[in-house]
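In the text below, chain A, chain B and the rest are named by the order of the sequence lines, each starting its count at 1. Only heavy atoms go into these numbers, but all of them, side chains included; no hydrogens, no water, no symmetry mates. Computed from a prediction, not measured in an experiment: that's the story for all the values here.
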Amino acid sequence: MNIILSLLKPRVFSTINNLRTDNKRNHWMRIFMFSMVGIVFWAGTFIILYRVLYYFQSVQDFGDILAMKLLSMIIMTFFVLLLFSSIINCLSHLYLSQDLQLLHSLPVSAKDIFLSRWLISTFDSSWMVVAFSLPAFLSYGLIYKAGIIFYTIVLVAIIFICLIASALAAILVLFGATILPAGRIRTILIILGFILVLLFVFVLRLTRPEQLVNPDSFASVVLYLNSLQTPNSSFLPTTWITAAVKAALRGEINSSLFDIALTGSCAFMLIFIGDVIARATYFMGFSKSQTTSPRLFKPLKYKDLSWESLLNFLPRESRAFAVKEIRIFFRDSTQWPQLFLMAALIAIYLYNFSVLPLDKSPIKTIYLQNLFSFLNMGLSAFVLSALAARFVFPAVSMEGNAFWIVQAAPVSIKRFLWIKFFLYYLPLLIITEILIIVSNLLLQVSLFMMILSAVTMFFLVPAIVALAIGLGAVYPDFKSENPAQVVTSFGGLMLMIICFFLIALVITLEAGPVYYAFMADVQGKQLSLLPVTWLIVSFGLAIFLCFLSVFYPMRLGEKNLRIR
Amino acid sequence: MINLNELTKHYGATIAVNKLCLHAAAGEIYGFIGPNGAGKTTTIRLMGGILAPTSGNIIIGGMDIAQNPIAVKKLIGFVPDRPFLYEKLTGMEFLRFSADLYEVNTAEFSPKAEQLLHQFALRDWADEIIEAYSHGMKQRLIIASALLHDPKILIIDEPMVGLDPAAVRMVKDIFKELAQKQTTIFISTHTLSIAEDLCHRIGVIHKGTLLAEGSVDELKHIAKLGEARLEEVFLTIIKENAFL
């Protein structure tokens, strides 16, 4: 036990050192921003759930059934999230972390290393899900006027659900690392990405969100929600946890304690099984993971076709960086699941527009279509921001420890950043324009709105890409084990917030005069000089904002990288 | 070829390099030795254009690196102390990448790359992804890529770390050959025997300050140690802490 505690100490001390006031990363702005986002999200979850449950209480006969159905859905969702989060954390903590080589060279058993790393992984994968599950349970407690026993049982249930998810993940990962060929451990991530996409699509389609805007089905929303099914086998831990929480809400303490005991025994049994398997296989799997994996796909060779020949039109340094970037991107298998996820996000986005029953809406269709067109602009820009945050923002950090090559090379930092900009700008421009044009076609918007949307995106794409590159250079992390994760850093958060304000500002600037012109057209009026001036000034300001967002962050990023 | 004038670098309150002045002529192999944390790597990184100095200037090939960074970097072959590379590229792809950045003649690239890969015993690994390379192989690849554009100046931090004895011998021979062809080589090292064997002149740095400078014989004279090995000379200079 002492050894496990000793093995946990580096992590504990690192956390404490990170919280020290002299740590440069503890900038008040960073702490303030993260706290605010957390509080807003936490409070938002609580308010929405509280209102939903309050509404359910007012629905005769069905209210309680719906609340309980929602509870089982929440618990199932938390469990799935915990399981995926645990698998990814277990893989990283047990096999991929850089400090594992040092740990395995120490005079401690592989079993102790496994247990210490599993505990860290359990904490890392659980804390956020636990933090955001609390407002859900709190709203149930308040609506059902539950006593202290309910909260105690919920707390124990949360701990057990985390332990079960983490132990199950460890068992899966231990088996995976033993079965898969050496060094192919990251392949699991790709498979997981696929599963996650399928699950995401499945859940989304199961909820049939388009039904909610169909006036014909408004009357049956309650029945619709009631018809949603969640797996309810008596062998599933989520069923026991749901039953325990439900019983605690109703004050049936004995029944609740029985289900909690069942969950607890399952958790401890899984931990025991995990420990037994780890003793037999963990070191073997770790040893295998240390071998460099052979390439998953052999490079396709067709005559003299190569990235160099395809990009031959570019200046030499730009081509060198472009080819390097493309090769590294496609050879890094951790990028692939993210690509699949993004593809799924875009597909679902477009699919949802295709099933909108606009003709059944009680609001005038032309007006609605144009309103949706503006909403679509905003949403498409947010999809673009998500893509930029995930793929463009980490682009500078992806240079990692090899950044010295760029610094020592006869290429200026300014040029290096602009090469990165154009590398991401072109594909993102194509994706965004396709997204906005296809969704507008599905919405059957007017030609004016189609052109306005396409032009707006044409200006917003470079602005968002430059913001991502620039802020990525202002907040780089060249030492991260997984640079893709810098998106969750302070810089990533800043990027999302700035993108949000930029998109909101640009659309607001456009929407006002366009709405006025649209209404004048509907009423058959001629536009006077004032609205025309308003239109020109607004659009001019929007374009200026986009230009400012291109050049200012790029300059900031260049300055920051130059003075390092 | 290399002139450092009053070169100073501060990291917050810490002075890593303090008013350093030194000169290395064309064809000279200059060794830079000193204890851990003396400021060797900082000096090397300043010369490579990776760090900006707090004050002072670096003149390489007659140009100030602060004024003409691109032109100066084209003259330099830089080898850092740790072989961090783009792990997902193959060895050959990395050489091509370097060749593009340093504008190596396209027609000359392939034979030159082949020759270097062969010379550094990496020919069989040329199409393997770098993450599969050992530490020594990565070090050899970096040295090969630094030589690809026939630099006039080589700046190398700990060149022999991770190399096997055969590779050490080969690298030493290459350096001697390059020096004969008027290439200036600036080496930072802890391995005093290498400095002794290879360098025409040696500078001893401690706490960011140059304590002594000269050939091995001149340093022995400075330290008043007669026939002693460089190791004893080094330890005496560091202990006394004031020779210049």
Side-chain angles (χ1 to χ4, degrees), chain A residues 22 24 182-183 186 290-296 298-299 301 306-308 311-312 314-335 398-416 419 478-479 483 559 561-564, chain B residues 11-12 41 44-54 65-66 68-90 93-106 109 127-134 138 142 145-146 149 151 155 157:
Chain A
D22 57 346
K24 281 180 187 168
R186 278 175 192 260
Q290 295 306 295
T291 316
T292 307
S293 56
R295 281 196 239 182
L296 202 58
K298 286 284 166 201
K301 287 212 169 163
S306 65
W307 287 111
E308 279 92 352
L311 299 170
N312 211 17
L314 290 173
R316 211 164 163 199
E317 297 98 333
S318 310
R319 189 184 60 208
F321 274 111
V323 170
K324 180 214 69 152
E325 202 83 1
I326 293 166
R327 283 198 170 120
I328 290 175
F329 185 84
F330 286 109
R331 283 176 192 171
D332 183 359
S333 54
T334 56
Q335 301 275 11
M398 292 291 259
E399 295 291 322
N401 286 316
F403 185 60
W404 70 268
I405 297 168
V406 177
Q407 291 176 301
V411 175
S412 67
I413 292 292
K414 185 179 179 181
R415 189 158 189 186
F416 160 76
I419 291 169
F478 295 116
K479 289 183 179 163
K559 199 174 154 193
L561 288 185
R562 237 182 323 125
I563 58 163
R564 290 179 79 78
Chain B
Y11 292 116
T41 297
I44 289 260
R45 288 165 74 85
L46 288 164
M47 290 164 70
I50 290 173
L51 286 176
T54 308
I65 196 165
N68 300 293
I70 308 294
V72 170
K73 285 174 183 180
K74 280 185 181 168
L75 299 177
I76 297 173
F78 184 82
V79 179
D81 55 341
R82 281 178 289 178
F84 291 123
L85 290 161
Y86 296 116
E87 301 268 312
K88 296 285 177 190
L89 296 186
T90 66
E93 286 167 357
F94 179 70
L95 288 183
R96 187 175 288 279
F97 172 73
S98 293
D100 285 340
L101 295 186
Y102 286 88
E103 293 174 342
V104 174
N105 187 304
T106 318
F109 167 72
D127 296 321
E128 293 296 327
I129 286 182
I130 294 169
E131 68 183 0
Y133 285 24
S134 69
K138 287 179 188 172
I142 288 186
S145 83
H149 60 289
I155 297 173
D157 200 357

Interatomic distance, R45(B) atom CZ to I155(B) atom CD1 [nearest 0.5 angstrom]: 12.5 Å
Region of T106(B) in contact with chain A, defined by heavy-atom distances below 4.5 Å: both
- request: Report the residue from E93(B), K88(B), K138(B) that forms a side chain to side chain contact (heavy atoms under 4.5 Å, CB included) with I130(B).
  value: K138(B)
May I have the list of side-chain donor-acceptor pairs in residues 75-86 of chain B shorter than 3.5 Å, sequence neighbours left out?
unit_1, atom_1, unit_2, atom_2, d
Y86(B), OH, E399(A), OE1, 2.3

field: Part of V323(A) within contact of chain B (heavy atom distance under 4.5 Å)
entry: neither
task: Could you pull out all residues at least two apart from N312(A) that satisfy side-chain hydrogen bond (donor to acceptor under 3.5 Å, both in side chains)?
output: R319(A)
query: Which region of E87(B), side chain (C-beta onward) or backbone (N, CA, C, O), has a non-hydrogen atom less than 4.5 Å from a non-hydrogen atom of chain A, or is it both or neither?
result: neither
Among I142(B), V72(B), I70(B), residue most engaged with chain A (heavy-atom pairs, under 4.5 Å): I70(B)
